[in-house]
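Below: the structure, in structure tokens.
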Amino acid sequence: QPHQEQEVGAGDIEGGGGDDPRPCCGIGAVAAVTHEQRQKEQPHQEQEAVEVDWADDDDASSSTSHAFSPRPPLEEEAGSAKCASRPLSLPLTVNSSAPSFSDASPLASGSPSPAGDLNQTLPNEYSRLPGGLGGSPDIPGSPIAEQRSVEERGEDPNSKRHFWGGTELPQLQRSAGQVVRVFCGVWNLHGKPAPADLTPWLGSKPTHHIYVIGTCECERSIEKSMIWKDKKRFETQVLNHLGDDFRLIRSHNMSAVHVMVLVQKALGAFIWDIKSAQVATGIGNFIGNKGGVQVGFNIGRTSVLFINAHLAAHANKMHERTKNLTRILADSPLRRLKTNTGVHEDYDRVFFMGDLNPRVGAARAEVDEWLAAGHLDKCLAHDQLMPLLHGNAGVGTEESLSPSPASSECISLWGDFTEHTICFPPTYKFDTHTDMYDTSKKQRVPSWTDRILWKQDPKVRPMAYGSVTTMRCSDHKPIFAQFEVSVDLESWNGPVVDGNGDRDKSSNVCSIQ
């Protein structure tokens, strides 16, 4: 008891005493129980206190992690969100086109809520505990048991990752509404190799059917990648991390822009027509220092396309970035129909992600003040990409000052995509190996340059969207998004080439001389 009394002392509870600056919020509120109150509770109350005992040891799970970041509150309330370990007044209307699910939708009932409230996902046998988490720590797969073991597994406790519960992926059924779990990860590594341990980013154990990893400037700078662009080392590292149950179905690299798609072997039986391509948007639309790499394939009768892009840099280049988007979609070699606006209309499910480079159009001093006060909503109000996703001309960007026909076309394509609610700090630009935003003479404004979007679709359900603050080897923080995607596997026995149901028995041959 004396040891526990010291662990939950006044300094921890008030957030202003001792050496621990963390406020008492989220599941940390469980620790705000006096010694006398604990004596009056049931015997299991002692276990709860141990459960929320945070360690201040350095995070040894990543070779580039040097400090432990405090756990944020794991709850979202209607109309507001709490992020970065302090309460925010962040409206949940950032994404006005978030998908809704009807009763007839395969994702309607029995699926977890895309918001961060884990209580909504709990079976009846799970009890509720303070801080928004439910379940028993003794029930494997319950949300509170999963969250407790986050640090034990070496994952980032700030990432607000979604937990489905259970230890195994659900078996696939040959149904028209089969739900497939998809993980998308994005990281600009600033010319550095990835850290030896990818656990904080990819998780300690695979919990998705598909992993799509997009990187920019991985292992080498843009200049060096023009000559040495191979990413086999990183691909092998990711494969080894996920284990023998996954295989790499396709990767594509263009200079320093790289994407790889890995699938669980059980799902591999349904995957066919795998293609990849690239579109350069760099110098003269020829050099691949900027542009997008694409991997498309079919899962049963559902076509899926993943695009990882690195768009034009600098705060005043949003118009260039929108032109980059148009070219990547319209000039894609994977495009089938020339009558539509882009390749994204040829595929059923489309994800567009990468270092898209939108900036926060405000002064550095203002943004620093907002972030210090936890007002992410004020920063997001000046984000260059948000208005474009909603079909607006881009308030605060050069498009609003000098609109052109080209910008109107680009805006329409941005409007075809949507994004999950952002509830994490800006991911750029950090001093390397620190959590401090740019202290150089340039004093770059902290921005959400790294993004994950998807084509608006009621059969794509976002489950989580977050960043990994404990990985510090780059000036960007890695981000991830988790989805439930409905695909059609009903009575599927292979591709069909004609109306008679004949299987495609042809072969493809390519000769390079």
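In this structure, T281 OG1 and K323 NZ are separated by 10.5 Å, a value rounded to the nearest 0.5 Å. Atoms OG1 and CZ, on T469 and F430 in that order, are 8.5 Å from each other to the nearest 0.5 Å. To the nearest 0.5 Å, atoms CG (L325) and CG (L413) are separated by 5.5 Å. How far NE2 of H476 is from OG1 of T215: 12.0 Å, rounded to the nearest 0.5 Å. Atom CG in L198 sits 6.0 Å away from atom CZ in F234 (nearest 0.5 Å). Taking CD1 from I274 and CD1 from I249, the interatomic distance works out to 4.5 Å, rounded to the nearest 0.5 Å.
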Test side chain to side chain contact (heavy atoms under 4.5 Å, CB included) on V186 and D355; report intermediate values, then the result.
CA-CA 8 Å; V186 170; D355 184 357; 5.6 Å; no
Taking it one step at a time, do I210 and I299 satisfy side chain to side chain contact (heavy atoms under 4.5 Å, CB included)?
CA-CA 11 Å; I210 301 176; I299 307 176; 3.7 Å; yes
Intermediate values then yes/no, side chain to side chain contact (heavy atoms under 4.5 Å, CB included), R461 and H420:
CA-CA 9 Å; R461 183 176 190 177; H420 196 30; over 6 Å; no
Quick one: do L388 and M318 satisfy side chain to side chain contact (heavy atoms under 4.5 Å, CB included)? Show the steps, please.
CA-CA 10 Å; L388 301 179; M318 193 62 208; 3.4 Å; yes
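In this structure, the side chains of L376 and C423 stay at 4.5 Å or more apart for every pair of heavy atoms. L329 places a side-chain heavy atom less than 4.5 Å from the side chain of I307. For the pair V293/N253, no side-chain contact is recorded, criterion being any heavy-atom separation below 4.5 Å from C-beta on. Using a 4.5 Å heavy-atom threshold, the side chains of H258 and C218 count as separate. The closest side-chain heavy-atom distance from W448 to L385 is not below 4.5 Å. Residues S332 and Q294 meet the side-chain proximity criterion, which asks for heavy atoms closer than 4.5 Å. Contact annotation: the side chain of Y465 approaches that of I422 to within less than 4.5 Å [non-hydrogen atoms, C-beta and beyond]. Side-chain contact between T418 and L389 is absent, with no heavy atoms from C-beta onward closer than 4.5 Å.
Of all heavy-atom pairs between I328 and G291, the closest is CD1-C, 3.8 Å. Between H162 and Q482 the shortest heavy-atom distance is N-OE1, 2.8 Å. Residues Q278 and H252 share a closest heavy-atom pair of OE1-NE2, 3.0 Å. The minimum heavy-atom distance between G288 and S255, with the atom names listed, is O-CB, 3.4 Å. A pairwise comparison of heavy atoms in T470 and P200 identifies OG1-CB, 3.8 Å as the closest pair. Nearest heavy-atom pair, A176 versus D488, reported as atom, atom and distance to 0.1 Å: CA-OD1, 3.3 Å.
Between the side chain of K231 and the main chain of S251, no donor-acceptor pair closer than 3.5 Å is present. With hydrogens and angles ignored, the 3.5 Å screen pairs no side-chain donor or acceptor of S447 with any backbone N or O of T449. Looking only at distances, no side-chain donor or acceptor of E320 sits under 3.5 Å from a matching main-chain atom of A312. Although no hydrogens or angles enter the test, the distance criterion places a donor-acceptor pair under 3.5 Å between the side chain of W272 and the main chain of G300. In this structure, the side chain of E419 does not engage the main chain of M386 through any donor-acceptor pair within 3.5 Å. Not one N or O on the side chain of R181 forms a donor-acceptor pair closer than 3.5 Å with the backbone of H209. Under the 3.5 Å distance criterion, the side-chain polar atoms of R359 are matched with a main-chain donor or acceptor of N357. Checking side-chain atoms of S303 against main-chain N and O of D348 turns up a donor-acceptor pair under 3.5 Å. A donor-acceptor distance shorter than 3.5 angstrom exists from the side chain of Q178 to the backbone of Q173, with no hydrogens or angles considered. Here the side chain of R327 pairs a donor or acceptor atom with the backbone of N285 at under 3.5 angstrom.
A cation-pi arrangement is absent between R174 and F270, since the terminal nitrogen or guanidinium carbon is not both under 6.0 Å from the aromatic centre and inside a 45° cone about the axis. Both the sub-6.0 Å distance and the 45° axial angle are not jointly satisfied by K160 relative to the ring of F424.
When the shell of 6.0 Å around CG of D273 is examined, it contains more than 12 heavy atoms from other residues, nucleotides or ligands.
Taking 4.0 Å as the cut-off between side-chain N and carboxylate O, K477 and D450 do not count as a salt-bridged pair. Ion pairing between K429 and D475 holds under the 4.0 Å rule for side-chain N and carboxylate O. Taking a cutoff of 4.0 Å between a charged side-chain nitrogen and a carboxylate oxygen, R335 and D346 do not qualify as a salt bridge.
The one candidate from F483, F306, F351, F352 that meets the ring pair (Phe, Tyr, Trp, His ring centres under 6.0 Å) condition with W454 is F483. Partner W201 forms a ring pair (Phe, Tyr, Trp, His ring centres under 6.0 Å) with one of F183, F480, W187 and no other, that one being W187.
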